[in-house]
Amino acid sequence: MTQANARRYQVVEGWEQLPAGYQHRDVAGVAVDGEDRVFLICRGDHPIIVYNAKGDFLRSWGEGEFTYRTHGLTIAPDGTVWATDDGNHTVRQFTPAGKLLLTLGTLNTPSDTGYDGKDSINIPRAAGPFNRPTNLAIGPRGDLYVSDGYGNCRVHQFSPTGTLKRSWGVSGTGPGQFHLPHGIAVAADGRVFVCDRENDRIQVFSPDGEYLAEWTDTQRPTHLVFDAEGRAHVSELWWHKGQTSQRHGPITNPRPGRVSVFDRDGHLLARWGGPDATAAGSFAAPHGLAVDSRGDVYVSEVTWTFAVSRGLAPEGTHTFQKFALSR
């Protein structure tokens, strides 16, 4: 595990007490609530799994309510849970116990972008919500921002009650353009950070969608979250030999998955992840992450989809890990 600069993290093996009979070959997202309970959104029989701060299992819910393509998870300041399902083209708000409160998007009805179901790079046209949305973030005034996604190339801004206010983005590599907007977060000052995954960058926008800047010291970023001090934590997917980055071109040497921590200005504070995807503390397919009140980091991985099913990691490789901040 490699590290840089001011912050160090150590993997906590055995933290998660997954109940007997449960499995999660893919953990698409993770979020932490105000009591440091840890929520996972999984692709399997038990979509939402909840643990206490010690890793003890509390409950699961959502059985039968999600497709296999669950994707992102966000917990609002009021404790409600926002779950993104790119398989049914919705982002839904639930109580912490799983009661449905609100649905954004139309169930099982994608917007008309011309997406062919496979090519997330060349989206023929931008459209409204949603076509395989990926994640949701909440602004300081309660506005909802959704990255959309595999079948679209946009960010949508909603009011706190779910009214669409504006959308921005088209397919491309220029400022304000996206090749797979995959993760999204809002800083305390209202700036919107979008993980432009296949362009190997994080784009920064004003609360109303005006392009401000980009961070390029990142690799295939999948998600981003801020801690209470404004540090940005980013999960970053592997580039495997033979794949093609829209920024760097064909990949000739593997670039392992990793997690990076930046200060509010984009300066690197920590980075870890090595070439052995099976090793504790390294990653097969980092896809989501969360930070608790102590600064500890939780990383979810879509290990089956991106690694095991493609012969890049063996069955049984980790799909969820906790990292403790050294104190």
Side-chain angles (χ1 to χ4, degrees), residues 28-29 31 41 65-67 69-95 99-115 120 123-172 174-197 202-212 223-225:
I41 186 166
E65 296 294 326
F66 294 88
T67 72
R69 286 291 311 190
T70 56
H71 202 275
L73 196 68
T74 301
I75 296 181
D78 65 2
T80 59
V81 179
W82 289 90
T84 304
D85 189 332
D86 82 64
N88 65 22
H89 313 287
T90 67
V91 184
R92 289 177 290 173
Q93 182 189 32
F94 297 89
T95 68
K99 179 183 178 181
L100 180 63
L101 300 174
L102 180 66
T103 298
L104 302 180
T106 303
L107 191 68
N108 297 320
T109 306
S111 57
D112 183 10
T113 65
Y115 172 60
S120 295
I123 303 297
R125 54 188 173 272
F130 298 114
N131 197 317
R132 301 190 62 194
T134 48
N135 275 288
L136 174 143
I138 301 171
R141 297 183 178 180
D143 278 0
L144 310 170
Y145 295 85
V146 179
S147 50
D148 182 30
Y150 285 91
N152 206 348
C153 47
R154 310 214 86 183
V155 171
H156 308 288
Q157 180 185 3
F158 297 84
S159 74
T161 56
T163 299
L164 182 64
K165 297 175 72 170
R166 63 176 53 82
S167 303
W168 71 86
V170 295
S171 183
Q177 300 176 345
F178 302 107
H179 282 319
L180 215 175
H182 194 278
I184 191 165
V186 183
D189 61 8
R191 288 179 300 158
V192 181
F193 289 67
V194 182
C195 294
D196 188 7
R197 196 184 86 177
I202 295 168
Q203 295 197 65
V204 186
F205 300 89
S206 75
D208 297 330
E210 176 189 0
Y211 173 83
L212 300 176
H223 199 39
L224 181 152
V225 294

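What's counted below: heavy atoms across the whole structure, side chains too, no hydrogens, waters or symmetry copies. In this text, all values refer to a predicted model and were calculated from it rather than measured experimentally.
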Identify which one of Val186, Leu136, Thr74 satisfies the side chain to side chain contact (heavy atoms under 4.5 Å, CB included) criterion when paired with Leu144.
Leu136
Using atom types as modelled and distance alone, determine if a side-chain donor or acceptor of Asn131 lies under 3.5 Å from a backbone N or O of Ser111.
yes
Would you say His89's side chain and Arg132's backbone share a donor-acceptor pair under 3.5 angstrom?
yes
Whether Phe130 and Phe158 hold their rings parallel, tilted or perpendicular, with breakpoints at 30° and 60°:
tilted
Pair Asp78, Thr80: side-chain N/O donor-acceptor within cut-off below 3.5 Å
yes
Between Asp85 (side chain) and Thr67 (backbone), is there a donor-acceptor pair under 3.5 Å?
yes
Parallel, tilted or perpendicular: ring planes of Trp168 versus Phe205, cut at 30 and 60 degrees
tilted
Could you tell me whether the side chain of Tyr145 and the main chain of Pro207 form a donor-acceptor pair under 3.5 Å?
yes
Looking only at atom types and distance, does a side-chain atom of Gln203 sit under 3.5 Å from a main-chain N or O of Gln177, one as donor and one as acceptor?
yes
Closest contact, heavy atoms only, Gln157 versus Asp143
NE2-OD2, 2.8 Å
Are Ser147 and Phe178 close enough that some pair of their side-chain heavy atoms sits under 4.5 Å apart?
no
Locate the shortest heavy-atom distance separating Phe66 from Ala83; write the atom from each residue and the value.
CE2-CB, 3.7 Å
Checking Ser171 side chain against Cys153 main chain: does a donor-acceptor pair fall under 3.5 Å?
no
Grab the two heavy atoms, one from Asn135 and one from Gly72, that are nearest each other, plus how far apart they are.
OD1-CA, 3.2 Å
Any donor and acceptor pair, going by atom type alone, linking the side chain of Arg154 with main-chain N or O of Gly169 inside 3.5 Å?
yes
Determine the minimum heavy-atom distance between Pro133 and Asp86, stating which atoms define it.
O-CB, 3.0 Å
Do Asp189 and Arg191 pass the salt bridge (charged side-chain N to carboxylate O under 4.0 Å, His left out) test, and can you show the C-alpha distance, the side-chain angles, and the key distance before you say yes or no?
CA-CA 6 Å; Asp189 61 8; Arg191 288 179 300 158; 2.9 Å; yes
Yes or no on side-chain hydrogen bond (donor to acceptor under 3.5 Å, both in side chains) for Asn88 and Thr90, after CA distance, side-chain angles and deciding distance?
CA-CA 6 Å; Asn88 65 22; Thr90 67; 2.7 Å; yes
Mind listing the closest non-hydrogen atom pair of His156 and Asp148 along with its distance?
NE2-OD2, 2.8 Å
Is the number of heavy atoms from other residues, nucleotides or ligands within 6.0 Å of CZ (Arg141) greater than 12?
no
Checking side chain to side chain contact (heavy atoms under 4.5 Å, CB included) for the pair His223/Thr134: CA distance, chi angles, key distance, verdict?
CA-CA 10 Å; His223 199 39; Thr134 48; over 6 Å; no
Any chance you could measure Tyr150, atom OH, to Arg69, atom CZ, to the nearest 0.5 Å?
5.0 Å
Look up atom OG1 in Thr163 and atom CG in Leu104, then write down how far apart they are to the nearest 0.5 Å.
9.5 Å
Expected output: side-chain Asn152 to main-chain Gly128 donor-acceptor under 3.5 Å
yes
Is any side-chain heavy atom of Val81 closer than 4.5 Å to a side-chain heavy atom of Leu73?
yes
Distance (rounded to the nearest 0.5 Å) between His182 NE2 and Ile202 CD1:
13.0 Å
Closest approach of Gly151 and Thr113, non-hydrogen atoms and distance?
O-OG1, 2.6 Å
Check whether any side-chain heavy atom of Leu164 sits under 4.5 Å from a side-chain heavy atom of Pro129, and report yes or no.
yes
Apply salt bridge (charged side-chain N to carboxylate O under 4.0 Å, His left out) to Lys165 and Asp208, showing your working.
CA-CA 9 Å; Lys165 297 175 72 170; Asp208 297 330; over 6 Å; no
As an exercise, state the distance from OG of Ser120 to CG of Leu180, rounded to the nearest 0.5 Å.
5.0 Å
To the nearest 0.5 Å, what is the distance between CG (Leu102) and CD (Gln93)?
5.5 Å
Thr161 side chain to Ser159 side chain, donor-acceptor N/O pair below 3.5 angstrom:
yes
